[in-house]
Amino acid sequence: MDAMTSEEREIYNEIAKNRGKKDYDPTEAKQRLRDEIKKNSKRVIEKKYLYYISDKGDVENLSRQIVLFENEIIRRCIKKDDKDTVPLVKEIIILSCKSDLMSGILDQIIKDGIDIDGTHYIYYTSSTSQMKNAEITLLSQEFWDKNRSSLMCGLTEEKINEYGINTGKYFSALALNMSNSICTDPENEVSIDDVIIVQDFKTKVHGRVNYLDVDNLSIEEKEKDIEIEHMDGAGIFIPGTFPCSCQIRGGWLKGAVFPFDFHAFIREHEDKLSDINMKDAWGKAVSINDFLNAKMILTDSQLKMRKYYDSLEDYRDKFKESGRKITINNVAHDVNVEDDSPEIHLAYQPLQTIPRSNMTDEAIARLAEKSIKYINDAKTDPNVALKLMGITDAEKVTNPLHAAILQYPYLLNDAYVKKVMQNALKAERTKAMGGKIILNGLWSYVCPDLYAFCQWLFLGQSEPEGLLDSGYIYNKFYDDKDAIEEVCCIRYPHLSDCEHAIRRLEKSNECKKWFVGYDTVVSCRDLISKVLQCDWDGDHIAVIHDKAFLDVLDKDELPLFYDMSKAEPEEISTTNKMSCLHRSFENENIGNVSNSITKEFNSNGE
């Protein structure tokens, strides 16, 4: 609306004022608005609609200010003198486009840009989340002209158009520059010359599934050989290169990397090495010495624009010329290894997909037991009360009241603190009543069998066995937990009754030897990725070993499988950008779909 002219705004206000009146038909006014929009091709937003500080020092339109975490674009906006502050970044504008009546204005902005407070901005991209929320990202023309080659990592739209690309995928690739990311310390920086990008590792996995025919929406049980991309979004690094498993960004790179000593693997199997699969993503042979000199191996799926580069050398050269770095987007969950029985909050979705017949009064009481105990203990135990208020680590406390309570727990008897506690207790009860109950378990990345990947890559095995049988997972946390033999893996969103991945625990010495950290490693002979609907680019899963939960699950459900369609490549053009945005803005938000599924699960009957 801020980009409307006074004439357009007058018509829009007329429609808004009369909306809902029985005797008002907005059809004619809407058409007048569309016609008026067509008359005005140049779009302008005045300063009065922006966040700014007036000459008197007053903050205006504070709600128009947004906070962005550090990312590739932000780093290029901030001057050296601003690095220790939180500067106002004017090079980036996020524009909300939620009104269908404004589609004509959106098209004009995509085509010709927009002037905002005297600066010309052009359309840059819309991330996946922005498409769901009908938002677009604008960059100042001056900033884009200066940084275009760097943000495109040496590519041009003309080069990309030689092959074509799905416009939505192109938007997502551009949005990687806006992903949260931080640079490592210079001494820990990984050079792109120390990285080898190899082809993707995939095999056929046999199993029984509920096969969904997308043409007629019928479902039947079938035995099928299903192609699984075992390293989709995943790579490996020599332990010590990064402190732990993490997600990376930089120069069209996206995905997770996991510690695995492939140097040791090569040396241990030097009499069995095969060069069949030792090729980079472009099909060029890579020598063993090259792998022994590398710190990291990434896969084709992690370089989102790989086919637009001529070779690994071409990509490396453009990466360096663009001043890009491999940056960290996120890191693995911290597992408290000193806690023999860690707890997590489970959300409602994995509960609503449990068979109703299994949810007896006794079963529900067992499921709620830990939440009830936690709430009751908080009323009498100062340590639990502090935990309920979020006070668990003295070094991480920033709230002065929390710091005071941590030093002097008897403050819990203070009238004001008691009121704060009551609110915290009420919030915890509300969470539990909404299905967010406490269960024994932990959070971790889901990780493919990296040993199997190395068997394929270095030993030439077309169908490696890896270190885990089908139906098993490995997580280092359970190495010494002899009493725990079975867990359930959960990934969100959890939308189907076949998404409880119940698996046995592997505790072999080989797993202990090769797998570093507390990621949950799954078998390459398992259809667990179809159960969890996951890939390996940093998906977090809950690993639950709570008997109260395991005892109520249906262990006979089959995973759902359907044939995925592939988006066709097209030319990058203004017309295709407009079309992609309009389609994505009109599509149903996954949150609405999820809510509808919840309503269906909670309707009368099974």
Side-chain angles (χ1 to χ4, degrees), residues 72 149-165 169-170 173-174 176-177 181 184 189-202 229-238 241-242 246-258 260-263 265-266 273-329 448 450 453-454 456-460 536-537 569:
E72 189 64 39
S149 180
S150 296
L151 296 178
M152 296 282 287
C153 198
L155 293 181
T156 64
E157 290 191 350
E158 292 73 23
K159 176 67 175 178
I160 297 170
N161 278 338
E162 291 178 11
Y163 297 90
I165 187 172
K169 288 186 176 181
Y170 180 53
L174 285 171
L176 291 175
N177 288 315
S181 64
T184 60
E189 186 177 308
V190 178
S191 168
I192 194 64
D193 291 328
D194 295 329
V195 177
I196 297 174
I197 304 172
V198 302
Q199 297 174 356
D200 286 324
F201 162 45
K202 58 186 77 173
E229 294 193 19
H230 298 291
M231 295 291 286
D232 187 10
I236 58 178
F237 62 85
I238 294 297
T241 304
F242 295 125
C246 58
Q247 296 175 52
I248 60 170
R249 297 290 187 270
W252 309 117
L253 294 175
K254 177 183 184 290
V257 286
F258 303 94
F260 188 88
D261 196 341
F262 55 90
H263 292 175
F265 183 94
I266 291 171
L273 298 176
S274 167
D275 60 3
I276 293 176
N277 296 321
M278 283 195 283
K279 301 172 184 176
D280 67 25
W282 290 263
K284 182 181 177 181
V286 181
S287 72
I288 280 295
N289 284 335
D290 288 336
F291 282 113
L292 288 173
N293 288 324
K295 293 182 179 179
M296 189 185 303
I297 300 174
L298 302 180
T299 53
D300 194 0
S301 58
Q302 294 183 280
L303 179 52
K304 299 306 176 182
M305 306 291 277
R306 194 272 306 166
K307 71 177 181 180
Y308 307 104
Y309 294 93
D310 297 331
S311 64
L312 178 57
E313 291 73 20
D314 179 41
Y315 174 67
R316 284 173 172 170
D317 289 343
K318 287 184 169 62
F319 188 99
K320 289 180 285 189
E321 289 167 4
S322 302
R324 303 305 296 261
K325 295 181 179 180
I326 295 174
T327 57
I328 307 299
N329 166 258
L450 306 174
F453 171 57
C454 287
W456 169 83
L457 179 61
F458 298 118
L459 307 185
W536 324 106
D537 64 356

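Note that the numbering runs from 1 along the sequence shown for the chain.
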Looking at every heavy atom in both [X] and [Y], which two are closest together, and how far apart are they?
X      : Y      : result
Leu459 : Ser274 : O-CB, 3.5 Å
Asp310 : Asp314 : N-OD2, 2.9 Å
His263 : Phe291 : NE2-O, 3.2 Å
Phe237 : Val257 : CE2-O, 3.4 Å
Met278 : Leu457 : CG-O, 3.1 Å
Gly251 : Cys153 : CA-SG, 3.9 Å

[atom1] of [X] to [atom2] of [Y]: how many Å apart, nearest 0.5 Å?
X      : Y      : atom1 : atom2 : answer
Phe242 : Lys295 : CZ    : NZ    : 9.5 Å
Leu298 : Ile196 : CG    : CD1   : 10.0 Å
Ser311 : Asp317 : OG    : CG    : 7.5 Å
Met231 : Asp300 : CE    : CG    : 12.5 Å
Ile248 : Met296 : CD1   : CE    : 5.5 Å
Lys304 : Trp252 : NZ    : CH2   : 12.5 Å

Just by modelled atom types, is the [Y] backbone N or O under 3.5 Å from a matching donor or acceptor in the [X] side chain?
X      : Y      : result
Asn329 : Gln247 : no
Trp536 : His230 : yes
Asp280 : Gly283 : yes
Asp194 : Val190 : no
Arg306 : Trp282 : no
Gln302 : Gly233 : yes
Thr327 : Arg249 : yes

Could you walk me through whether Val286 and Val198 pass side-chain contact (heavy atoms from CB on, under 4.5 Å), step by step?
CA-CA 9 Å; Val286 181; Val198 302; 5.7 Å; no
For Lys325, all residues meeting salt bridge (charged side-chain N to carboxylate O under 4.0 Å, His left out), sequence neighbours excluded
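Per chain and number, Lys325 pairs via salt bridge (charged side-chain N to carboxylate O under 4.0 Å, His left out) with Glu189.
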For residues Ser287 and Asp290, is any side-chain donor paired with an opposing acceptor at under 3.5 Å?
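Asp290 and Ser287 do have a side-chain donor-acceptor pair below 3.5 Å.
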With side-chain contact (heavy atoms from CB on, under 4.5 Å) as the test, pick out the partner of Met305 among Ile160, Leu253, Leu176, Leu174.
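The single option meeting the side-chain contact (heavy atoms from CB on, under 4.5 Å) with Met305 is Ile160.
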Quick one: side chain to side chain contact (heavy atoms under 4.5 Å, CB included) partners of Asp537, sequence neighbours excluded?
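Lys254, Asp535, Asp539.
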Would Phe260 and Phe453 count as a ring-ring contact (aromatic ring centres under 6.0 Å, His included) if you check the C-alpha gap in whole Å, the side-chain angles of each, and the deciding distance to 0.1 Å?
CA-CA 10 Å; Phe260 188 88; Phe453 171 57; 8.6 Å; no
Run the side-chain contact (heavy atoms from CB on, under 4.5 Å) check on Arg316 and Asp193 step by step: do they pass?
CA-CA 7 Å; Arg316 284 173 172 170; Asp193 291 328; 3.7 Å; yes
Would you please classify the geometry between the Tyr309 ring and the Tyr315 ring as parallel, tilted or perpendicular, with 30° and 60° separating the classes?
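The rings of Tyr315 and Tyr309 stand perpendicular, inter-plane angle above 60°.
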Could you walk me through whether Phe262 and Leu450 pass side-chain contact (heavy atoms from CB on, under 4.5 Å), step by step?
CA-CA 9 Å; Phe262 55 90; Leu450 306 174; over 6 Å; no
Electrostatic pair Lys318-Glu321, nearest N-O below 4.0 angstrom
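Salt bridge flag = no for Glu321 with Lys318.
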